[in-house]
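Proteins get letters first, then strands, A, B, ... in listed order; numbering begins at 1 in each. Every heavy atom of this structure was used, including side-chain atoms; hydrogens, water molecules and symmetry mates were not.
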Amino acid sequence: MNQDKNLSVPVDRRPSLIVIGNGMVGHHCVERLIELGAHHHHAISVFGEERHPAYDRVHLSEYFSGRDAASLALGEAGLYADHGVVLHLGEKVEKIDRTTREVVTLRGRYRFDRLVLATGSYPFVPAIPGSEGDARLVYRTLDDLDMIRAAAANARRGVVVGGGLLGLEAANALKRLGLEAHVVEFAPRLMPVQLDAEGGAALAARIEALGVGVHLSKATEAIVAGENGHRYRMRFADGTALDTDLVVFSAGIRPQDGLARDCGLEIAARGGVVVNDHCASSDPAIYAIGECASWRDRVFGLVAPGYRMARLVAERLAGQPSELFTGADMSTKLKLLGVDVGSIGDAHGASPGARSYRFVDERSASYRRLVVSEDGKRVLGAVLVGDNSFYDTLLQYVANAIAAPLAPEALILPAGEGAPALGIDALPDSATICSCHNVSKGTIRAAVDQGCLDLASLKRETRASTGCGGCSALLKQAFEAELAARGMAVDASLCEHFSHTRQALFDLVRLEGIEDFDTLMRRHGNGGLGCDICKPAVASILASNWNRPILDPALAPLQDTNDAFMANMQKDGTYSVVPRIAGGEITPDKLIVLGEVAKKYDLYTKITGGQRIDMFGAELHQLPSIWAELIAAGFETGHAYGKSTRTVKSCVGSSWCRYGVQDSVAMALRLEHRYKGLRSPHKLKFAVSGCTRECAEAQSKDIGVIATERGWNLYVCGNGGMRPRHAELFATDLDDETLVRYIDRLLMFYVRTADRLQRTSVWRENLDGGLDYLKSVVIDDCLGVCAELERQMALVVERYECEWANALSDPEKLKRFRTFVNQTQGDPGLRYVRERGQRRPARADEIPSVVSEESA
Amino acid sequence: MTLDRSEKALDAESAGQWRRLCSIDELVPGAGVTAWCRGEQIALFLLLAGSERNVYALANGDPFSGANVIGRGIVGDIAAQPVVASPLYKQHFRLADGRCIESPEIALRTWPVRLRDGWVEIDMDS
Ligand code: SRM
Ligand SMILES: Cc1cc2nc3c(=O)[nH]c(=O)nc-3n(C[C@H](O)[C@H](O)[C@H](O)COP(=O)(O)OP(=O)(O)OC[C@H]3O[C@@H](n4cnc5c(N)ncnc54)[C@H](O)[C@@H]3O)c2cc1C
Ligand code: SF4
Ligand code: FES
């Protein structure tokens with residue numbers, strides 16, 4: 001706008017720093033540069049070929065289980081812009097011109113003084129005739145996953161070429177997408193890099209048991225047109241073939257070193273930009289970090305070493321003292337298709353003189369191998385298949401060179417044999433707790449000293465456990481040990497009346513058989529009347545344990561607003577009435593009754609978001625007669641008022657729908673009738689879909705069930721509402737009985753351990769050990785509580801009784817349903833207007849006219 | 001309105017403007033009910049402390065929602081002061097003087113109460 005010709009454009013005289021690649025490592029480098037203030041002295045620009053800003057590739061697969069690009073994004077939005085870092089997304093660097101010191105894209109040339117290559121790697125796809133389109137998919141970026149999803153939409157079977165870590169992860173993803181999944185591996189075993197022959201065999205057995213086809217020692221020669229209704233056929237060198245509808249290649253990764261190669265930087269024999277201990281390339285102005293770098297002929301395909309490189313380069317660029325890169329531990333732990341796999345240190349026993357202990361359990365297809373030094377004094381490595389509970393301890397032995405126990409084999413023997421758990425106290429201050437962010441035990445101690453007194457702030461401050469997440473259990477231990485060492489405890493009191501958590505109160509009620517509030521207050525409370533926090537919480541705990549009618553005299557005064565009158569209070573103090581319509585299925589006769597009752601009492605009527613019918617505007621004294629009429633017609637309470645089971649949404653399923661593979665309505669009815677009346681820390685919503693089209697939206701529910709050809713897939717801990725969360729796949733192809741058993745256990749475990757007003761989604765997110773832990777409790781019974789959880793659920797189910805029917809049969813209870821104790825009239829303060837043929841509460845600005853209308 | 005609310009103390013007061021609302025059996029220990037008197041809606045709460053019965057009478061109208069619902073709130077105590085929580089938006093009112101804990105500039109009307117011959121009586125004109 002300024003016309004003044006003398007004003008010259010300010011020239012940015014700061015040295016220009018360009019980062020090529022906005023992946024995990026490139027992003028980490030930028031974050032660290034900003035942290036160190038390097039953006040004040042450098043003009044920083046970042047080029048990323050992908051459309052998305054840096055995201056968490058490690059958790060890429062969660063894109064198929066509910067997370068979207070935004071939730072996978074790394075770092076705070078606006079971080080770059082706020083610090084003047086220019087991000088060029090969707091702009092690929094085509095060329096580096098080292099003579100002019102410029103990078104070249106299709107949009108322009110950009111000068112650099114310092115350059116950081118963080119271009120990662122690309123999936124290697126072997127040249128196979130006929131491999132194109134949906135027979136040539138890869139698994140690396142969000143866009144790749146979109147393509148796989150699109151290809152899967154019309155597919156029944158999918159094949160992954162490559163039985164390594166990522167290949168199995170891709171097979172898992174195909175399974176999640178509802179396909180029959182197969183893995184084709186060139187080597188004679190799965191995960192050839194990490195596992196030895198026995199470990200590979202144990203893993204293959206486990207994975208085949210899950211219904212994933214495993215084809216070993218297969219070299220794909222060609223892909224041709226498919227038969228038997230499949231799109232493609234893979235022809236193998238041994239003469240066999242496999243039909244499929246799509247093929248995903250996961251046959252290894254290659255460093256993305258083309259730019260460096262073309263501009264004459266030194267490239268390692270097996271690929272990758274050669275870097276020294278400072279991560280500088282053969283041109284000292286150019287660094288390479290992450291998967292594109294080759295250090296002493298090694299390329300690191302994990303995020304932790306990449307992060308370490310990113311940090312030390314950032315430090316150098318910011319002119320700070322920086323460490324040297326000294327290589328990295330390639331230990332990994334993961335859960336593939338629900339099977340634990342772990343590989344630590346020298347897993348193959350390649351060190352001179354190394355000896356091994358092996359433990360094999362063929363029944364459960366578990367395998368463990370422990371590699372120790374020749375003198376037996378050091379643990380060098382380990383392989384785990386089937387049970388990763390040994391991982392953390394073993395990793396600490398290896399990483400911190402802790403002296404092995406006298407009988408090292410105890411480290412891999414089944415629990416109960418006295419495997420010596422390695423307490424956090426045994427670790428030195430220098431022990432790494434989080435390898436992604438290089439956080440040591442000493443750093444955690446310092447952070448607690450500086451006032452991080454809860455886990456969230458500790459994570460924010462140290463960044464521990466914000467990478468791959470593998471260290472979360474260890475971090476929590478370390479944190480709690482630090483608190484304990486300071487004599488501190490986290491205050492988790494329910495309210496001023498109880499210095500216990502909800503979970504502790506729940507256990508006290510159950511163990512001591514307490515059935516009323518006063519006894520609990522006397523024995524475990526701080527005295528007083530209680531309040532609107534502890535009373536409803538205790539009412540819910542008592543109901544979950546004993547399931548007595550909630551209006552029994554000792555219980556009634558504890559109930560929350562809506563429970564107290566078994567109806568939902570509306571803004572004007574009237575109530576809504578929601579009878580149960582299990583599964584959303586209703587006969588015409590019952591529909592007519594609802595219409596008649598609503599008409600008789602002039603109730604505003606609406607279909608709810610939960611597949612049932614809500615009738616609004618009943619006064620307190622009208623509730624009993626309304627319910628008497630509904631119950632006479634065969635209805636029962638819908639618990640719309642309770643922190644309890646709400647609805648089980650269903651789709652019509654195989655009884656009518658041409659795609660349905662199971663009777664989803666029947667299953668919805670079974671679940672709704674089983675869990676109705678279960679009171680819980682918060683409300684519970686379920687849904688059952690009859691096929692993968694998912695018309696019942698089960699993946700947004702606390703408990704979601706989706707029919708498969710072979711049974712049911714169970715999804716858990718989803719949430720709609722304010723903070724939507726997709727439910728996670730918990731178990732697949734369950735028969736009816738197993739499905740119900742798992743739900744029994746999971747719900748009762750939630751009821752016992754959640755905080756008050758904590759939905760399953762939040763509970764699950766706060767659960768240490770996450771979904772894996774939940775599975776081990778519910779499926780593997782690692783706590784040995786499943787029988788009791790089932791018993792407790794059986795009691796609740798057995799004691800079910802419609803609360804409204806119970807209240808109607810008891811004149812004492814009915815006394816509470818009076819608008820006035822000394823008058824039969826209703827509340828004269830209520831004002832209504834009619835709109836679209838029904839009544840609704842008048843708004844404040846409508847009231848004068850209503851009044852004058854009445855008085856006219 | 002600082003009354004000693006034990007039954008004895010209430011009984012000792014003189015019967016001037018006292019009006020009978022309902023039988024004492026209509027009250028629910030640890031909770032509220034609502035009565036009607038001369039166009040007013042009155043929320044009545046009964047608290048038991050040992051052998052003592054303390055009764056409180058507050059206006060039933062909730063100033064925050066405009067709805068007549070106070071008698072249906074949960075009774076409890078905050079820092080040893082008996083309170084009722086409005087069932088709609090959960091503000092707390094002290095039973096003793098109707099004062100709102102969250103917004104002390106607001107208070108519900110209260111009336112003196114007494115128990116006599118099995119009846120709950122309030123002084124409407126006070
Ligand atoms: C009636 C209904 C809206 C409608 O007209 O469709 C409704 C009405 C209310 N919802 Fe809802 N919700 C209704 C379906 C839903 C759904 C959809 C569903 O169930 O499929 C959701 C999102 C799904 C979910 O919960 O995950 C939903 C998420 C909420 C939330 C947010 C919960 C969360 O975890 O974020 C609240 C607030 C809360 O519970 O704390 C809420 C709270 C409420 C309350 C109880 C608010 C209140 O305290 O007054 C409303 C009173 C209900 C009443 O008077 O009957 N309602 N509410 C629906 C009753 C369904 C039923 O048949 O029981
Ligand atoms: C499915 C999956 C699961 C994984 N699980 C784990 C795990 O559990 N643990 C673990 O440690 N690691 C895991 N990894 C590996 C981990 O994701 C990588 O180690 C990490 O992402 C490497 O980071 P990077 O920045 O080097 O490369 P990337 O994250 O690949 O980033 C490189 C970026 O550079 C961009 N780029 C390349 N060339 C150019 C160019 N010329 N111009 C502009 N931009 C360019 C690319 O588009 C890309 O966005 C997993 C990987 C995948 C795919
Ligand atoms: S979305 Fe809000 S307004 Fe609508 S029913 Fe649910 S709680 Fe009430
Ligand atoms: S080890 Fe990966 S987040 Fe800590």
Nearest 0.5 Å, please: how far is [atom2] in [Y] from [atom1] in [X]?
| X | Y | atom1 | atom2 | result |
| --- | --- | --- | --- | --- |
| A:Q823 | B:T34 | CD | OG1 | 12.0 Å |
| A:D827 | B:W36 | CG | CH2 | 8.0 Å |
| B:R72 | A:T819 | CZ | OG1 | 6.5 Å |
| B:L88 | A:K571 | CG | NZ | 10.5 Å |
| B:S65 | A:M569 | OG | CE | 8.5 Å |

Over 12 foreign heavy atoms within 6.0 Å of NZ, A:K815: yes

Non-hydrogen atoms of chain B under 4.5 Å away: do they reach the side chain of [X], the backbone, both or neither?
| X | result |
| --- | --- |
| A:P536 | side chain |
| A:L620 | side chain |
| A:Q825 | side chain |

A:D532 side-chain N/O to B:I74 backbone N/O, donor-acceptor pair under 3.5 Å: no

A:R818 side-chain N/O to B:A35 backbone N/O, donor-acceptor pair under 3.5 Å: no

Nearest atoms (heavy-atom pairs only) where A:G829 meets B:N68: CA-ND2, 4.2 Å

Any residue meeting side chain to side chain contact (heavy atoms under 4.5 Å, CB included) with A:P557, in chain and number order, not counting sequence neighbours: B:A31

Counterpart residues, side chain to side chain contact (heavy atoms under 4.5 Å, CB included), relative to A:A556 (two or more places apart): A:L551, A:R816

Chain A neighbours within residues 37-48 of chain B, where any heavy atom lies under 4.5 Å away: B:Q41, B:L47

A:N822/B:R20 under side-chain contact (heavy atoms from CB on, under 4.5 Å): CA gap, chis, key distance, verdict: CA-CA 10 Å; A:N822 56 354; B:R20 282 186 177 176; over 6 Å; no

Residues of residues 514-530 of chain A contacting chain B, heavy-atom criterion under 4.5 Å, by residue number: A:G528, A:L529, A:G530

Option in B:P82, B:A80, B:A79 with maximal non-hydrogen atom pairs under 4.5 Å from chain A: B:A79

